[in-house]
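Heads up: numbering here begins at 1 and tracks the sequence. Values below: every heavy atom of this structure, side chains too, minus hydrogens, waters and symmetry copies.
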Amino acid sequence: MKTIYKTSEENGRLEEITNYCDGNWVCLISPTAEEVKDVSQHFEIELQDMISALDEDERARVDADDDYTLIIIDVPYREVENGQDGYGTVPMAIILGDKKQKYIITICLREMPLLEDFRSGKIKKFYTYKKTRFIIQLLYRNATYYLQYLRMLERSSGKIEQELHKSTRNEELFQLLSLDKSLVYLSNSLRANELVLERLMRLESVKKYPEDEELLEDAIVENKQAIEMANVYSSILDVTMEAYSSVISNNLNSVMKVLTSITIIMTIPTMIFSFFGMNVPLPWQNTATGALVICILSLVSVGIAAIVMRLKRLF
């Protein structure tokens, strides 16, 4: 889907337009091959640079060309599958043209809340013709989404931990494993974005005004905070998974110990009755109270064995 936007000079609001113009924002979301080719030809952009953003494994980077600057960042997303929150990242390309034509192009594989915030007017002081500020606002807002999703992930982890206090099933551990995998994706993407932000600080092809530099520094700080938060949550989650894996293993050992003790105890009367069931002369075999004596002997033996095992904490 291709949509073109431009900030109105009359009221400063973002408007959707139909034709390309100077200072416009071209938003491509899961675009078709025809749309990518059309934008590439009109703005004279290398087709491969635009296609690279549609590769899920594309790394975050900054490439400065003579006519435009290509910025690829990792954008986080949240999705719910089988009632369980999942988090991941996808690459998003930002192409800045400031030579022959002045424009901003964003390319992403899927609809993202990050872009919707700009299109819906949630971002204050956003103008399509202020290209550098627009890029930095995107980077800053992206860092805040990482922080937001990390907090949501931490709350999900807390709920699973509460369930683990009541349950010894593997299902909760699998949920923690899924969150741990999400943390790995977020952490790696945050570190890649950090390199992009630091490169932008030094890049001369992207003009930066004093207020833009301050906003870029804020974006770097937010990104670093998200990295630290992800590292802390990852460490806590790893420790939690190890602890509860040990708890489940210990509970299993306890169950096996009890079952083994019961098996040993039940073996005693079996041995006694087997002994008195042999076809050889034995005590009490011709008395009326023989069966009662044997039963009492078995019960006493079982009781003694149970007391001994209980004293030794075998169950």
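- Within a 6.0 Å radius of CE in Met256, no more than 12 heavy atoms belonging to other residues, nucleotides or ligands are found.
- Take Glu79 and apply the salt bridge (charged side-chain N to carboxylate O under 4.0 Å, His left out) test, not counting sequence neighbours, and it matches Arg110.
- Pairing each heavy atom of Ala60 with each of Asn193, the nearest pair is CB-OD1, 3.9 Å.
- Remark: the backbone N or O of Thr128 is paired with a side-chain donor or acceptor of Thr7 at under 3.5 angstrom.
- Residue pairs that meet the salt bridge (charged side-chain N to carboxylate O under 4.0 Å, His left out) test with at least one member in residues 134-151, sequence neighbours left out, are Asp117-Arg141.
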- Message: Show, in sequence, the C-alpha distance, side-chain angles and deciding distance for Tyr149 and Leu153, and conclude whether the side chain to side chain contact (heavy atoms under 4.5 Å, CB included) test is met.
- Response: CA-CA 6 Å; Tyr149 289 152; Leu153 190 149; over 6 Å; no
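- Met92 and Cys108 get closest at one heavy-atom pair: CG-CB, 4.0 Å.
- Note that the CD1 atom of Ile73 and the CZ atom of Arg59 stand 15.0 Å from one another [nearest 0.5 Å].
- Scanning both residues, Gln137 and Lys125, for their nearest heavy atoms gives NE2-O, 3.0 Å.
- The structure places CZ of Arg133 at 11.5 Å from CD1 of Ile123, a figure rounded to the nearest 0.5 Å.
- Within a 6.0 Å radius of OH in Tyr185, no more than 12 heavy atoms belonging to other residues, nucleotides or ligands are found.
- Ser235 places a side-chain N or O within donor-acceptor distance of the main-chain N or O of Asn231, the cut-off being under 3.5 Å.
- Between Ala230 and Leu183, the shortest heavy-atom distance links the atoms O-CD2, 4.0 Å.
- Under the salt bridge (charged side-chain N to carboxylate O under 4.0 Å, His left out) criterion, Lys130 pairs with no residue at all, not counting sequence neighbours.
- A 6.0 Å sphere centred on CE of Met152 holds more than 12 heavy atoms belonging to other residues, nucleotides or ligands.
- Here CE of Met229 is found 11.5 Å from OG of Ser187. Values are rounded to the nearest 0.5 Å.
- Under the 4.5 Å side-chain heavy-atom criterion for ILVMFWY residues, no single connected hydrophobic cluster contains both Val221 and Val232.
- Residues Tyr127 make up the rest of the hydrophobic cluster containing Tyr129, defined by ILVMFWY side-chain heavy atoms closer than 4.5 Å, directly or through other members.
- The distance from atom CG of Leu150 to atom CD of Glu228, rounded to the nearest 0.5 Å, is 12.0 Å.
- Here the closest non-hydrogen pair linking Leu197 and Ala219 is CD1-O, 4.0 Å.
- When the side-chain hydrogen bond (donor to acceptor under 3.5 Å, both in side chains) test is applied to Asp63, the partners found at least two apart in sequence or on another chain are Arg61.
- Under the 4.5 Å side-chain contact rule for hydrophobic residues, Tyr87 and Val90 share a cluster.
- Distance check, rounded to the nearest 0.5 Å: CD1 of Ile104 to CD1 of Ile135 gives 4.0 Å.
- Grouping Ile, Leu, Val, Met, Phe, Trp and Tyr by side-chain contacts under 4.5 Å, direct or through others, leaves Leu195 on its own.
- Residues Val196 and Met201 share a single hydrophobic cluster, defined by chaining ILVMFWY side chains whose heavy atoms lie under 4.5 Å apart.
- Between Pro113 and Tyr145 there is a side-chain heavy-atom pair separated by less than 4.5 Å.
- In this structure, Trp25 and Phe134 have perpendicular ring planes: the angle between them is above 60°, well past the 30° mark.
- In the hydrophobic clustering, where aliphatic and aromatic side chains (Ile, Leu, Val, Met, Phe, Trp, Tyr) are joined below 4.5 Å either directly or transitively, Leu54 groups with Ile4, Ile17, Tyr20, Val26, Leu28, Val36, Val39, Phe43, Ile45, Leu47, Met50, Ile51, Tyr68, Leu70, Ile72, Ile95, Tyr103, Ile105, Ile107, Leu109.
- Transitive grouping of hydrophobic side chains (ILVMFWY, heavy atoms separated by less than 4.5 Å) brings Met1 and Met112 into a common cluster.
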- Item | Derivation of the side chain to side chain contact (heavy atoms under 4.5 Å, CB included) call for Leu139 and Leu200 | CA-CA 11 Å; Leu139 296 172; Leu200 284 176; 3.2 Å; yes
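- The main-chain N or O of Leu259 is found under 3.5 Å from a side-chain atom of Thr263 such that the two form a donor-acceptor pair.
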- Query: Going through the checks in order, is the side chain to side chain contact (heavy atoms under 4.5 Å, CB included) test met by Ile29 and Thr106?
  - Reply: CA-CA 8 Å; Ile29 298 175; Thr106 57; over 6 Å; no
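- Taking Glu15 as the reference, nothing meets the salt bridge (charged side-chain N to carboxylate O under 4.0 Å, His left out) condition, with sequence neighbours excluded.
- Remark: the backbone N or O of Thr32 is paired with a side-chain donor or acceptor of Glu35 at under 3.5 angstrom.
- For the side-chain hydrogen bond (donor to acceptor under 3.5 Å, both in side chains) condition, the pairs that include at least one residue of residues 216-226, sequence neighbours left out, are Glu194-Lys224.
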- side chain to side chain contact (heavy atoms under 4.5 Å, CB included) between Leu14 and Phe118: does it pass, once the steps are laid out? CA-CA 9 Å; Leu14 188 68; Phe118 286 87; 5.7 Å; no
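- The line from CG of Asn24 to CD of Glu16 is 12.0 Å long, rounded to the nearest 0.5 Å.
- Of the possible donor and acceptor atoms, none in the side chain of Ser189 sits under 3.5 Å from a partner among the backbone N and O of Leu186.
- Pairs passing the salt bridge (charged side-chain N to carboxylate O under 4.0 Å, His left out) check and including a residue from residues 69-78, sequence neighbours excluded, read Arg78-Asp85.
- Considering only residues two or more places apart in sequence or on other chains, Asp38 meets the salt bridge (charged side-chain N to carboxylate O under 4.0 Å, His left out) condition with Lys2.
- Glu214 CD: 12 or fewer foreign heavy atoms inside a 6.0 Å radius.
- Sequence neighbours left out, not one pair with a member in residues 180-191 passes salt bridge (charged side-chain N to carboxylate O under 4.0 Å, His left out).
- Minimum interatomic distance between Lys6 and Gly23 (heavy atoms only, all atoms of both residues): CG-O, 4.1 Å.
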